Amino acid sequence: MLQLNAIRENKDAIIEALKKRNLDAASLIATVLDLDEKRRSLQTNLDNTLAESNRLSKEIGALYKTGKAQEANALKEETANLKEVSKQLTDDLNDTATALQNALYQIPNVPHDSVPAGKSEEDNEEVYKEGTVPVLFDGALPHWELAKKYDIIDFELGVKIAGAGFPVYKGKGARLQRALINYFLDKNTAAGYNEIQVPHVVNEASGYGTGQLPDKEGQMYYMPADDLYMIPTAEVPVTNIFRDVILNEKDFPITHTAYTPCFRREAGSYGAHVRGLNRLHQFDKVEIVRVEHPDKSYEALNGMVEHVKDILRELKLPYRILRLCGGDLGFTSALTFDFEVFSTAQDRWLEISSVSNFETFQANRLKLRYKDEEGKSQLAHTLNGSSLALPRVLAGILENYQTEDGIRIPEVLIPYCGFDRID
RNA sequence: GGAGAAAUGGCAGAGUGGUCGAAUGCGGCAGUCUUGAAAACUGUUGAGGGUCACACCUCCGGGGGUUCGAAUCCCUCUUUCUCCGCCA
């Protein structure tokens, strides 16, 4: 959520920047400013009414004490009127505040200066590329065929138990998955991230805090009996640790890493793009989350990008980094870098990580603040990234490391797996 | 799941109708003292709205009610604790 102050002061610049998202926010911003002004004027009226009411109450108390019951009763009649007025003002104020809040919820984050304009993923800007795409033998298979051939992932069995998009990992497939989780967590903790385990469900307030609600509730599985949502990413529970928190400057930086399964309803496209592990309703992911001082957050973002690069380098997977254009940028993000691994057998890039700086957008909803040198509360910056999302990394490994008689295991993973090939 | 108790500032803990945004202690911050630190002493120390700055307003788990007036009384929800039951 954007800050009202920022909107008041930089209205034109914000409208201009939001155009990169192909959004004309002019009328929305005008609505916000109108409602804001109305809210403040109602608040002032209400405050004055309450002040008068408080004054009379004190007077009545004093009159009773000195035995002037008659005069006190006369004053009571006055307060009855004030009470009615304040009730009306309170209702109006609440309505206005709600309308203002709803309008603010509709405005996405302001893209960073470096974000290119653009309509869709076609316009994302490739900023880095590393690794060599292996030349595979004739008859190399996509990962879903490999999964079947070596009996390491069973998609049909998942359909039987739960439904499409809930695969069952078996034998060395399950072990490889677990190896990746441990490897990622080890890499992250070695880089200074504090490992935590968090709930896999969240309440409504948490959904609002990180921006999944109110707009993207269709993305999450919802359990009405308990009013809980299954998490679409560890970002939600981990970042919400800091909801309603006031930090000291010396607390920065705050860094966490967490492994969680992620649940996504996303009714999406069909066909090859969602085959196998390409898109699932449940998948595993290791996440990194940072809370930073505003002056340091872009430095931190670069650090996160370098960290993810390091992991992919060790896995020896060919990958590229994209700077997302305005049209592809997430609602809450100011700047996002996507990592994609090249899937040789599918001849396409697969997104395996998304690293973002949300600046104060989430912090504003979360009320995540810190005390500056003057002791004033300021909003902190939040960031997060995947390091990494498992299924597509797995797909990349299976496809790129396949040989005619088996699948090799990347060297760094062998100690975690306890085997060096799947055959 | 059943029975009872409780929820107050960073923490602990007073406060049972007006003078309470809230005693006191601890912690934090600043100062005095000290070569420096500790101790001691002094002062200061919740959040939000509003204002040029004051004034002023709101908040004592959430919501509603009684009253001229609520941290304090009533209803309700949530959470926590204790006991019993069940259980990985």
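What you see is a predicted model; the values in this text were computed from it and never measured.
Distance A:Asp226 CG to B:rU79 C1': 15 Å, rounded to the nearest Å. Look at CD1 on A:Ile60: it is 19 Å from P on B:rG17, rounded to the nearest Å. Between the CG atom of A:Leu75 and the C1' atom of B:rG18 there is a distance of 15 Å, given to the nearest Å. If you take CG of A:Asp36 and C1' of B:rG50, they are 12 Å apart, rounded to a whole angstrom. What separates CG of A:Leu4 from C1' of B:rG50 is a distance of 14 Å, to the nearest Å. One interatomic measurement links the two molecules: CD of A:Gln70 to P of B:rC68, which rounds to 17 Å at whole-angstrom precision. A:Ile246 has its CD1 atom 19 Å from the P atom of B:rG28, to the nearest Å. Here B:rG49 presents its P atom at 10 Å from CG of A:Asn364, a figure rounded to the nearest Å.
Taking atom P on both B:rC41 and B:rC68, the two are 49 Å apart, rounded to the nearest angstrom. On the C1' atoms, B:rU8 is 15 Å away from B:rU79, given to the nearest whole Å. Here the separation of B:rU24 from B:rG13, taken at their C1' atoms, is 8 Å to the nearest Å. B:rA71 and B:rG64 are spaced 15 Å apart, taking the P atom of each and rounding to whole Å. Comparing the P positions of B:rU42 and B:rG25 gives a spacing of 11 Å, expressed to the nearest Å. Using P as the reference atom, B:rC60 and B:rA22 are 14 Å apart when rounded to the nearest Å. Straight-line distance between the C1' atoms of B:rA70 and B:rC20: roughly 11 Å, to the nearest whole Å. Comparing B:rC11 with B:rA88, their P atoms sit 37 Å apart, to the nearest whole Å.
Only one option out of A:Asp95, A:Leu100, A:Asn102, A:Thr96 pairs with A:Thr98 in a side chain to side chain contact (heavy atoms under 4.5 Å, CB included); it is A:Asn102.
Rounded to the nearest 0.5 angstrom, A:Glu235 CD and A:Ser206 OG are separated by 11.5 Å.
Across the strands present, B:rG36 finds no partner; the criterion is a Watson-Crick or G-U wobble pair with both atom distances under 3.5 angstrom. Across all strands shown, B:rG9 has no partner, as no Watson-Crick or G-U wobble contact with both distances under 3.5 Å is found. B:rC29 and B:rG43 make up a base pair, with Watson-Crick or G-U wobble contacts both under 3.5 Å. Partner assigned to B:rC81 is B:rG4, using Watson-Crick or G-U wobble distances below 3.5 angstrom. Pairing for B:rU51 is absent, judged as Watson-Crick or G-U wobble with the two contacts each under 3.5 Å. B:rC68: Watson-Crick or G-U partner is B:rG18, with both key distances under 3.5 Å. Across all strands shown, B:rC86 remains unpaired; no Watson-Crick or G-U wobble contact has both distances below 3.5 Å.
Using a 4.0 Å cut-off between charged side-chain N and carboxylate O, A:Glu37 and A:Arg40 make no salt bridge. Looking at A:Lys19 and A:Glu16, a side-chain N of the basic residue comes within less than 4.0 Å of a carboxylate O on the acidic one, giving a salt bridge. Salt bridge annotation for A:Arg55-A:Glu52: present, with a cationic side-chain nitrogen under 4.0 angstrom from a carboxylate oxygen.
Summarising the local packing, CD of A:Glu121 is surrounded by 12 or fewer heavy atoms from other residues, nucleotides or ligands at distances under 6.0 Å. Counting non-hydrogen atoms of other residues, nucleotides and ligands closer than 6.0 Å to CD of A:Glu411 gives a total of 12 or fewer.
Shown for residues 45-59 of chain A: residues whose heavy atoms fall under 4.0 angstrom of RNA chain B, namely A:Asp47, A:Leu50, A:Ala51, A:Asn54, A:Ser57.
Of the candidate nucleotides B:rG48, B:rG18, B:rG50, B:rG48 has the atom lying nearest to any side-chain atom of A:Ser377.
For A:Lys76, no side-chain nitrogen or oxygen approaches OP1 or OP2 of B:rG69 to under 4.0 Å.
Residues passing the salt bridge (Lys or Arg N to Asp or Glu O under 4.0 Å) test with A:Arg392, sequence neighbours excluded: none.
The closest side-chain heavy-atom distance from A:Asn240 to A:Leu366 is below 4.5 Å.
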